[in-house]
Amino acid sequence: QVQLVESGGGLVQSGGSLRLSCTASGVSFSDDILAWFRQAPGKEREFVAAISWSEDLTNYLDSVKGRFTISRDTAKNTLYLQMNSLTPEDSAVYFCAAGETVFDVFQRRYYRYWGQGNQVTVAS
């Protein structure tokens, strides 16, 4: 059984930082794409960042470039999202996702596995 378990969310003041983690079990990644999405109340789930497990190539939503960093630890089977300079607009439930055949990293339909979601709240 494949599981993606997230941790690290919480409440932070505007300008602060948080690091999200997503640890996978029951699966061995090779050519997969792993990503973070987020969903704010009343809004669609949107792409935040993605990384190729084997080549360490990354892709970011424009509004988080320079503030967020996606990374992975292949030995720990864990995905990370370091979030700096947070603003209230970053408040959302954050989901990690993984897929073997991802034709468009921005499209959630290509991701097979999903975490349970982790709340991030940025207070102004």
Side-chain angles (χ1 to χ4, degrees):
Q1 182 182 358
V2 177
Q3 282 191 310
L4 302 181
V5 179
E6 302 165 16
S7 60
L11 173 64
V12 66
Q13 293 294 316
S14 183
S17 298
L18 283 174
R19 188 176 81 155
L20 302 180
S21 300
C22 172
T23 300
S25 61
V27 62
S28 294
F29 298 125
S30 55
D31 296 325
D32 301 71
I33 301 295
L34 278 78
W36 291 97
F37 284 74
R38 66 186 181 187
Q39 188 166 16
K43 294 188 177 181
E44 294 286 321
R45 191 173 299 186
E46 68 172 352
F47 169 85
V48 175
I51 188 168
S52 61
W53 190 257
S54 60
E55 297 179 327
D56 201 22
L57 300 175
T58 59
N59 204 323
Y60 293 93
L61 178 69
D62 283 346
S63 63
V64 307
K65 285 180 181 177
R67 300 189 299 122
F68 290 12
T69 302
I70 189 171
S71 62
R72 85 278 188 266
D73 185 327
T74 57
K76 295 181 178 180
N77 230 26
T78 298
L79 176 72
Y80 302 100
L81 185 68
Q82 177 66 44
M83 304 183 292
N84 299 328
S85 302
L86 285 161
T87 73
E89 288 69 38
D90 296 315
S91 296
V93 177
Y94 283 71
F95 299 86
C96 61
E100 296 173 299
T101 308
V102 178
F103 296 107
D104 182 345
V105 297
F106 294 90
Q107 299 297 322
R108 63 188 189 206
R109 66 177 180 270
Y110 293 115
Y111 295 89
R112 180 177 182 182
Y113 305 115
W114 288 85
Q116 79 283 3
N118 209 344
Q119 179 70 48
V120 170
T121 303
V122 184
S124 58

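None of these values were measured; they are calculated from a predicted model. The analysis underlying the following values was restricted to heavy atoms, covering all of them including side chains, and did not include hydrogens, waters or symmetry mates.
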* **Tyr60 (side chain) donor-acceptor with Ile70 (main chain) under 3.5 angstrom** => yes

Val5 with Leu81, same ILVMFWY side-chain cluster at under 4.5 Å
no

Separation between CZ (Phe68) and CG (Leu61), nearest 0.5 Å, reads 9.0 Å

d(Tyr111 OH, Asp32 CG) to nearest 0.5 Å is 10.5 Å

Heavy atoms of Arg112 and Glu100 approach each other most closely as NH1-OE1, 3.6 Å

Between the main-chain N or O of Leu20 and the side-chain N or O of Glu6, is there a donor-acceptor pair closer than 3.5 Å? no

From the list Thr87, Asn84, Asp90, side-chain hydrogen bond (donor to acceptor under 3.5 Å, both in side chains) with Arg67 holds only for Asp90

**Q.** Test item: Thr58 side-chain N/O and Ile51 main-chain N/O as donor-acceptor pair under 3.5 Å
**A.** no

Check: Glu46 side chain, Arg38 main-chain N or O, donor-acceptor pair, under 3.5 Å: no

Heavy-atom nearest pair, Val120 first then Gly9, reads CG2-CA, 4.2 Å

Notebook entry, point to check: Are Leu18 and Tyr80 joined in one hydrophobic group, where the rule is that I, L, V, M, F, W and Y side chains link up if heavy atoms are under 4.5 Å apart?
Noted result: no

key: Verify same cluster id: Val2, Leu34 (apolar side-chain graph, 4.5 Å)   = yes

Smallest heavy-atom separation, Ser14 atom then Ser124 atom, equals CB-CA, 4.2 Å

So SG of Cys96 and CZ of Arg72: to nearest 0.5 Å the spacing works out to 15.5 Å

One should read off an interatomic distance between Trp36 CH2 and Tyr94 OH, to the nearest 0.5 angstrom, of 10.0 Å

Hits for side-chain contact (heavy atoms from CB on, under 4.5 Å) against Ser54, two or more places apart or cross-chain, chain-then-number order -> Asp31

Original post:
Should the heavy atoms of other residues, nucleotides or ligands under 6.0 Å from NZ of Lys76 be counted, would the total exceed 12?
Top reply: no

One should read off an interatomic distance between Glu55 CD and Ile33 CD1, to the nearest 0.5 angstrom, of 8.0 Å

Say whether Leu57 and Trp53 are linked into one hydrophobic cluster, either directly or through other cluster members, by side-chain heavy-atom distances under 4.5 angstrom.
-> no

Distance col, row Cys22:SG vs Gln116:CD, nearest 0.5 angstrom, shows 8.0 Å

Cation-pi check, Arg108 to Phe37: give yes when NZ or CZ is under 6.0 Å from the six-membered ring centre and within 45° of the ring axis, no otherwise.
no

Between Phe29 and Asn77 the two heavy atoms that sit nearest each other are CD1-OD1, 3.7 Å

Is a donor on one side and an acceptor on the other found under 3.5 Å between the side chain of Asp104 and the backbone of Arg109?
no

Problem - Test item: Leu4 and Phe95 side chains (from C-beta on) under 4.5 Å apart, heavy atoms - result: no

